[in-house]
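Report on one structure; see the data block that follows.
First the proteins, then the strands, lettered A, B, ... as listed; each starts at 1. This one's a predicted model, so the numbers in the text were calculated from it and none came from an experiment.
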There are 2 protein chains.
Amino acid sequence: MEILDQTDLKILRILQKNAKLTTKEIADQLHLTASPVYERVRRLEKKGYIKNYVAILNKKKLNRPVTAICMVSLRYHNEGFIDTFEHQIKELIEVQECYHMAGKVDFFLKIHLESLEEYHEFVRTKLSKIQNIGVLESYFVLKEIYNTTTIAF
Amino acid sequence: MEILDQTDLKILRILQKNAKLTTKEIADQLHLTASPVYERVRRLEKKGYIKNYVAILNKKKLNRPVTAICMVSLRYHNEGFIDTFEHQIKELIEVQECYHMAGKVDFFLKIHLESLEEYHEFVRTKLSKIQNIGVLESYFVLKEIYNTTTIAF
DNA sequence: GGAGCTATCAGTAAATTTTTCTGAATATGG
DNA sequence: CCATATTCAGAAAAATTTACTGATAGCTCC
């Protein structure tokens, strides 16, 4: 299987919305029996189309109501500096996402915290300890309008 | 159960990394049997600590290798305009996340696409059709350094 | 058009997991 | 110290997963 057919795509669309459906339930939606659905899911996992299965938790109930976005620019852009930055960012447990960007900022971070005070502490004791940061711009989420893990295809 | 004990927190930490573990496997990690773990998971779902279970797919294999970040500012900030914007954004299937921000930009979007050309088309035929957009800044992800759905707690 | 090959599917049965229930042990609070 | 509530282990039933078999359809090359 090098290319996916419509059935494979449908299965992926279903699973990225709800991974707790049984193969039988998926099969019913696709007018198939459980066997082919089971085999296709296994194949999609093995081939790497499905990276993993996760539970999505309620941030607010777990006392992480603050989401901050950080735009970071480095002072120097040697390869070594960039790699070092990447390594150090991965150590910070508050960071959920980090991207190396094209444009006027170098890195983009999404961070989940308990409070604005904790953000202050995060910047003071962790981010600012990282060498070579030039510019740091902070933004805060007022309201989550839309947030999904699915991709459209 | 109004408050979570350490066992509940451990279960949540495990499930947000791997939702395919059996209750038995989780129980072994916690030195318990399957029954209490099963009951706790059910309770955590029911109480809303677990929002849902999803499969995380491989964007690149599904031909969505381009991630763009959009910063949007509105021209006018009446309540009606903001609500309208929110509604219209939710219709755009390319948008995976949208946040209303505090600061010099109003909205933050994360978008997954097939190519840079498709981004051009997305802005031309969809974003620019939304009324009242003042400033639009685009950034592109060069490299995904870190990207998880987990939160630290 | 037909033989041979491949891919996909349905059906079945065993293995595993989920789910429910019961009773024991431990903590809690008057 | 007793009564109550909570949490847990264990067992058994229900459901699902997993592996296997054979049938069918589509495709390719003669």
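Across C:dG11, D:dC20, C:dC21, the shortest atom-to-atom separation from the side chain of B:Glu39 is found for C:dC21. Comparing D:dT16, C:dT17, C:dT19 by their nearest atom to the side chain of A:Thr22 picks out D:dT16. Nearest to the side-chain atoms of A:Pro36 among the listed nucleotides C:dC9, D:dA19, D:dA9 stands C:dC9. Looking at the side chain of A:Arg40, the nearest of the listed nucleotides C:dA10, D:dC8, C:dT8 is C:dT8.
Residue B:Tyr119 is found in a hydrophobic cluster whose other members, listed by chain and number, are A:Ile145, A:Tyr146, B:Val66, B:Val72, B:Leu74, B:Ile82, B:Phe85, B:Ile89, B:Leu92, B:Val95, B:Phe107, B:Leu109, B:Ile111, B:Leu113, B:Leu116, B:Phe122, B:Val123, B:Leu127, B:Ile130, B:Ile133, B:Leu136, B:Phe140; membership requires side-chain heavy atoms under 4.5 Å apart, directly or through intermediates.
With rounding to whole Å, B:Asp5 atom CG is found 15 Å from D:dA5 atom C1'. For the pair B:Arg43 CZ and D:dT7 C1', the interatomic distance rounds to 8 Å; values are reported in whole Å. In this structure, the NZ atom of B:Lys20 is 13 Å from the C1' atom of D:dT18, given to the nearest Å. Distance A:Leu30 CG to C:dT8 C1': 14 Å, rounded to the nearest Å. When rounded to the nearest whole Å, the span between CG of B:Leu32 and C1' of D:dT7 equals 9 Å. B:Arg42 places its CZ atom 12 Å from the C1' atom of C:dT17, with the value rounded to the nearest Å. Whole-Å rounding puts the A:Tyr38 OH to C:dA7 C1' distance at 18 Å. Counting to the nearest Å, the P atom of C:dT18 and the NZ atom of B:Lys24 are 11 Å from each other.
Counting atom types as modelled, A:Ser35 pairs a side-chain N or O with a base atom of C:dG11 as donor and acceptor under 3.5 Å.
Applying the salt bridge (Lys or Arg N to Asp or Glu O under 4.0 Å) test to B:Glu39 and every residue at least two apart in sequence or in another chain returns nothing.
Relative to the axis of its first five pairs, the axis of the last five pairs of the helix from C:dG1-D:dC30 to C:dG30-D:dC1 sits at 40°, rounded to 10 degrees.
Positionally, the nearest nucleotide of DNA chain D for B:Thr7 lies more toward the 5' end than for the other of A:Leu21 and B:Thr7.
Ion pairing of A:Asp5 with A:Arg40 is present here, as a side-chain N (NZ or NE/NH1/NH2) and a carboxylate O approach within less than 4.0 Å. Residues A:Glu94 and A:Lys126 are paired through a salt bridge, judged by an N-O separation under 4.0 Å between the basic side chain and the carboxylate.
Across all their heavy atoms, A:Gln88 and A:Gln131 have their closest contact at OE1-N, 4.3 Å.
No hydrogens or angles considered: a donor-acceptor pair under 3.5 Å links the side chains of A:Asp106 and A:His77. There is a side-chain donor-acceptor pair under 3.5 Å between A:Tyr99 and B:Lys110.
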